[in-house]
Amino acid sequence: MWTGKFRGKDVVVASTAGHLYTLYTDENDYPTFSFSWGHRWVYEKNSKHLEKYYRVLEKLFPNAEYYVNACDYDIEGSVIGYNIIKHLGDTRRAYRMKFSTLTKEELSKALSNLQPLDWSNIESGLARHILDWLWGINVSRALMSVYEHLFGEKLVLSAGRVQSPTLLELLKRYIERETFVPKPTFTVSVRVRYGSREYSLTNAFEPFEKLDSAVRLAQSLRKTRKLVVSNVDKKVLSLEPPPPFNLTQLQLESAKLFGFSPAETMRIAEELYLDSLISYPRTNSEKIPQSIDNAKILRNLSSLPNLGAYASELLSRKLLSPREGAGEDPAHPAIHPTGYIPRKLGDGEAVLYELIVRRYLASFYPSARVEEVVYTMKEPGAGVLFKLVGRRVLSQEWLKVYHYRKIASVEVPTLRVGEELEISSVRSLKLYTRQPQLHSKASILKWMESSGIGTESTRAQIIETLFKRKYVRGKSIAVTNLGLRVARILSALFKEITEVELTREFERKLREVALGRVSRKEVVDEAIAKLGSKLEEVKKALSNSRGSELKVKFGLSIGSRCSVCGGDAVGREGGLHLCSLHLAAYQNLVKTYETWASRTNASFDDYSATLLKLSTTGRFVKDVIKYLMKRDR
DNA sequence: GCAAGGTC
């Protein structure tokens, strides 16, 4: 709590730490549509610490002439402050402070220019909370109940607007990889000699579908034994420095460089923030506003061992405006060092702090200059093209401080158009197409951001929820049998919650609420009506049928077992009963054989035997092949 | 017990 005077009046400032109120219900069954706002520490684990913030506010409120909500100027900030004022005070004597940076000047201006409560933000924010709660709590409860009826096991399960589409995306990628069937392609690899050195050339043509084409090209190259330079393209590329980090970019970069998960990065960044070493990390901004005194921060950083020299260099070169990225955030600037010098840091903290400082420093530097020369070569009289690419860094600039990014120099000779090079080796090669990678925590975070679901503050946590529920596992994220069952139940019964489109629909409705065209009540009532009929339908089905009938009724089974694995079969193909994964694998196996047959003269047996040997063949495909081999023996 | 959103 802080006290002071502003224009002759006593001002008391007390803080909260995020939401003090949460939605809850006393009902245990579903559907449940009766909810209220209550104290968070009563209804949520790990929120005991919130009560002390509340007790301070509770003491202050009765003595105040009026109240000012000075939370971050965004929708959640409006809801956080509104709930406190509504429960402890009187919204008719309340105002909103409107600001975008936390400088003395701007806060002072905002305080002398108080706005009425921003009802449009409050109403749309409350509606967002309620919609997420109604969908999340009700579908989660229904899911647990359906799961118990179908599989006889009582488990804590969950579904939500953000977590469920994320689970489905992980499953999609998992299926793509594990039902993948590689296809053969053919190409040639060429080396040339120039002076005393040899160079490998890059192919500027797509691999061939037929072995013949590659063999013919190889034969022809062996005969002519030379390539002629047909084009020289020399240019100087300008490589811009990266902007300072927002949270997503920090999470992606630290995953790439150090293997930290997004949640780990968040935890370490939080520590650095609480130690006053970096600015607020939960930001989407990639900009440092004018109001931040970069010169002062750089002067302070110049006493850092190792990195201080770069800060001094920037000051002496008067490079004081950092590059800006596209990311915006109304409440916070991009992540940057505060200028405080750390004493002793833990391992993770030291590594992340250095990354943030280097990134901040790099953003002030001019672009690096890289000279690139591309020689295009072809067989005399023919059109097949190869490339030889050389690269040389002319000026490092930001690359020297942001040493994580390395531009490898590639030495190549100086060649003229028309010059001939002797071919030293030609090989024809068989290549196989590669399977897609499973998602990592970093790549699924990126997917969530680009799909517009979750926020800076919640994405990493929501990914951890999927792990906690045991829907997924592994560093390369695989979906468990439980995750697959949950995804299939949700897709069959509550399709909307598995799709990113639900978020878009919420956004459209909430915009209407913010514009005052539709009331919060109308939007909530509409959701209740829609969910109510759906949930009653599911509940009725559960009370009328047994597990095995239900699976058929819900479209989760055709009433038989998968010939390959014994799981619930969902379809029949080629005389087999197949579960969803083995069905997809079987279909890919049959379909891809057409491609193989057109490119090679492999029989189906040769094809199958080769696939079993290749490590890129999906495991469900291998299961199907083994089953077919055993059956036909 | 279950969401997603804040923040410590």
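Source: prediction; values computed, not measured.
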Please say whether more than 12 non-hydrogen atoms of neighbouring residues, nucleotides or ligands are located less than 6.0 Å from CZ in A:Arg92.
no
Q | More than 12 heavy atoms from other groups under 6.0 Å of NZ on A:Lys539 | A | yes
Contacts of A:Gly454 and A:Tyr273 projected onto DNA chain B by closest heavy atom; the upstream (5') one is A:Gly454
The answer to which of A:Glu44 and A:Tyr53 contacts DNA chain B further toward the 5' end, by nearest nucleotide, is A:Glu44
Quickly work out the [X] [atom1] to [N] [atom2] distance and round it to whole Å.
{"X": "A:Asp26", "N": "B:dG1", "atom1": "CG", "atom2": "P", "answer": "14 Å"}
{"X": "A:Tyr30", "N": "B:dC2", "atom1": "OH", "atom2": "P", "answer": "17 Å"}
{"X": "A:Tyr471", "N": "B:dA3", "atom1": "OH", "atom2": "C1'", "answer": "12 Å"}
{"X": "A:Leu23", "N": "B:dG5", "atom1": "CG", "atom2": "P", "answer": "13 Å"}
{"X": "A:Leu502", "N": "B:dA4", "atom1": "CG", "atom2": "P", "answer": "11 Å"}
{"X": "A:Met448", "N": "B:dA4", "atom1": "CE", "atom2": "C1'", "answer": "10 Å"}
{"X": "A:Tyr24", "N": "B:dC2", "atom1": "OH", "atom2": "C1'", "answer": "17 Å"}
{"X": "A:Trp37", "N": "B:dA4", "atom1": "CH2", "atom2": "P", "answer": "15 Å"}

Which class fits the ring pair A:Tyr43 and A:Tyr24: parallel under 30°, tilted 30 to 60°, perpendicular over 60°? parallel
Measure up the A:Tyr95 and A:Tyr66 rings against each other and bin them: parallel (under 30°), tilted (30 to 60°), perpendicular (over 60°). perpendicular
Per the atom types in the model, does the base of B:dA3 pair as donor or acceptor with the side chain of A:Thr458 at under 3.5 Å?
-> no
### Query
Can you find an N or O donor on one side and an acceptor on the other, under 3.5 Å apart, linking the side chain of A:Glu76 with the base of B:dT7?
no
Phosphate OP1/OP2 of B:dT7: any A:Tyr280 side-chain N/O under 4.0 Å = yes
Do the side-chain N or O atoms of A:Ser457 get closer than 4.0 angstrom to the phosphate oxygens (OP1, OP2) of B:dG5?
-> no
What contact category does [X] fall into here, base, sugar-phosphate, or nothing, at under 4.0 angstrom with non-hydrogen atoms?
{"X": "A:Thr16", "result": "nothing"}
{"X": "A:Gln163", "result": "sugar-phosphate"}
{"X": "A:Arg469", "result": "sugar-phosphate"}

- prompt: Would you call A:Trp37 and A:His129 a side-chain contact if the rule is heavy atoms closer than 4.5 Å?
  reply: yes
Smallest heavy-atom separation, A:Leu250 atom then A:Ala269 atom, equals CD2-CB, 4.4 Å
Here the pair of heavy atoms bringing A:Tyr82 nearest to A:Ile122 is CG-CG2, 3.6 Å
The nucleotide from B:dT7, B:dG5, B:dG1 with an atom nearest the side chain of A:Asn28 is B:dG1
Worksheet entry | Lys/Arg cation over aromatic A:Tyr21: A:Lys86, 6.0 Å, 45° cone | no
Expected list for residues 124-162 of chain A near DNA chain B, using heavy atoms below 4.0 Å, is A:Arg128, A:His129, A:Asp132, A:Trp133, A:Gly136, A:Ile137, A:Ser140, A:Arg141, A:Met144, A:Val156, A:Leu157, A:Ser158, A:Ala159, A:Gly160, A:Arg161, A:Val162
